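To start, the structure itself, in structure tokens.
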Amino acid sequence: MNFKPVDEQLAVIKRGTVEIVPEQELIEKLKKSKKENKSLKIKLGVDPTRPDLHLGHSVILRKLRQFQDLGHEAILIIGGFTAMIGDPTGQNKTRPALSLEEVQENAETYISQAQKILDESKTTLVNNVDWLGDMTFMDVVQLSSKLTVARMIERDDFSKRFENNEPISVHEFLYPLAQGQDSVHLKSDVELGGTDQKFNLLVGRDLQKTDGQEPQVCLMMPLLVGTDGSMKMSKSYDNYIGIDEPANDMYGKALSIPDELIYTYFELVTDVSIEELESLKQKAEEDPRNTKHELAHTITRMYHGEKAAEAARKHFEETVIKKNIPDDAPEFHFESGSTVRLLDIISDAEMTSSNGETKRMMKQGGVSLNEEKIKDPGFEVTFENGKEYELKVGKRNFARLISG
RNA sequence: GGGGGGAUACCAAAGUGGCCAACUGGGGCAGACUGUAAAUCUGUUGUCGUGAGACUUCGGAGGUUCGAAUCCUCCUCCCCCCA
């Protein structure tokens, strides 16, 4: 491996990074690595509790990928064991512990999605069940003696729960130790994590020191703000863009982020070069509309390819800007001459979740047939030979009704 | 081991015998507006029914009552305080 100069590597590593603890140690490690022509071990632990990955997860995975591209060894730890504990970080309640089978299943989905971002051939996959699972109770007791309760309850998530009279289980205290033990086991040089992982990452450092190892450098990435512009991207807030989502949705959702986030998204979730980033900062301010389209295009391209990204743009323009019916709207056929209540058509097509909702939408002007708003819940459609209707229910629910 | 508090719709949280399909906030949905699926404003938000209305819902199971989310009994789960 021919490593790039340290300062070049550092520039890539620092892209989007919030904090490197301590940065000087990282520089030393990089120097040593180049000198000895030996790659660094970069550790990323993932919790396969929820297998659906979104752009928020991609931030950290992309960072791992960047390390790979710099020639370092990416170690992706599937937290099989830790998932069964449930990471308390940022939680206001105890996470449900998963069974071994669930973890296994989730892990597979997770890996297959993560490979879209990582360089599959160069990723070392491990599961911490393999070493944590073998520890004896005595081992655990000894390990836990290295961390004090006072330090644990300093943590925000615990102290908040404590104040709010919410339960904290003892086993949740063991989570950072388990994660730290991973670092000891793997002898990692760098561990990646979100800013919310700082505590856990630092425990890894401490444990390595106790073990006589050279401690890992902790690298924290920001938590990506979701499409709502305020909370971190998360499935439970429904402000996420999934990496498995259809191109059209991806494109549209990317466009819905607030303007202030355009640059951040370019920086954290796209593969545009560092040089390009510079110019994008200004572009985003001067011409947010087009820059955001460029962002949406870039993101969609990364996961679906150039062609699909282009198609997604067209789809967006047609349906959202021009408010036209998309080409791929589902079609429903009706016998010519028949008369059917519109309410029933919508219900059969499952375009709403209940008749009450349909009626409500009708009253509010959310249902239209061939551009004409239908407000009467009893409205009936008569299908004459060859006649076609374009049905719109709500903002983006379309269907074509065809007779014959 | 002892004492106290709690469980309400997607979430948070009022309601403590009829005016409750249930205040309010968040979220969701719709309309207007917009470069946008953003922001803002307005409306709406159990199911069935064109409608009148009917039915189901307030941790679970029973009971009292003309009538219960509200009262009683038992059960399940959770939190706090003292030891």
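Lettering of chains follows the sequences in order, A, B, ..., and the numbering in each one begins at 1. Just so it is clear, the model here is predicted, and its values are computed rather than measured.
- Non-hydrogen atoms lying under 4.0 Å from RNA chain B are contributed by A/Phe316, all within residues 310-317 of chain A.
- The distance from atom CZ of A/Arg341 to atom P of B/C48 is 11 Å, rounded to the nearest whole Å.
- Near RNA chain B, meaning a heavy atom under 4.0 Å from it, residues 345-353 of chain A has no residue at all.
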Contacts under 3.5 Å, N or O only, protein and nucleotides 40-42 of chain B:
none

Which pairs of donor and acceptor atoms, one on a side chain in residues 397-404 of chain A, lie under 3.5 Å apart (sequence neighbours left out)?
residue: A/Asn397; atom: ND2; partner: A/Met351; partner atom: O; Å: 3.2
residue: A/Arg400; atom: NE; partner: A/Glu388; partner atom: OE2; Å: 3.4
residue: A/Ser403; atom: OG; partner: A/Glu384; partner atom: O; Å: 2.5
residue: A/Ser403; atom: OG; partner: A/Gly386; partner atom: N; Å: 3.3
residue: A/Ser403; atom: OG; partner: A/Lys387; partner atom: N; Å: 3.0
residue: A/Ser403; atom: OG; partner: A/Lys387; partner atom: O; Å: 3.1

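- Looking at residues two or more places apart in sequence or on another chain, you find a side-chain contact (heavy atoms from CB on, under 4.5 Å) between A/Arg360 and A/Glu357, A/Gln364.
- Contact annotation for A/Arg396: base contact, defined as any heavy-atom pair under 4.0 Å involving a base atom.
- Contacts of residues 246-262 of chain A with RNA chain B (heavy atom under 4.0 Å): A/Asn248, A/Gly252, A/Leu255, A/Ser256, A/Asp259.
- Applying the ring pair (Phe, Tyr, Trp, His ring centres under 6.0 Å) definition to pairs two or more places apart or across chains, none involves residues 212-234 of chain A.
- A/Phe334 pairs by the ring-ring contact (aromatic ring centres under 6.0 Å, His included) definition with A/Phe383, not counting sequence neighbours.
- Within the 4.0 Å cut-off from OP1 or OP2 of B/C48, at least one side-chain nitrogen or oxygen of A/Ser354 is found.
- The stretch residues 356-373 of chain A touches RNA chain B through A/Gly356, A/Lys359, A/Arg360, A/Met361, A/Gln364, A/Gly365, A/Gly366, A/Lys373, each having a heavy atom within less than 4.0 Å of the strand.
- In this view, A/Gln208 and A/Ser183, A/Val184, A/Ser188, A/Gln213, A/Pro215, A/Gln216 satisfy the side-chain contact (heavy atoms from CB on, under 4.5 Å) rule, not counting sequence neighbours.
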Report summary line: Note, RNA chain B 5' to 3' with Watson-Crick or G-U pairs under 3.5 Å encoded as ( ), [ ], | and . gives ((((((((.[[[..)..(.....]]]((((((.......))))))(((....)))...[[[[[..)....]]]]]))))))).

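- Remark: A/Arg289, A/Lys292 in residues 285-296 of chain A come within less than 4.0 Å of RNA chain B through at least one heavy atom.
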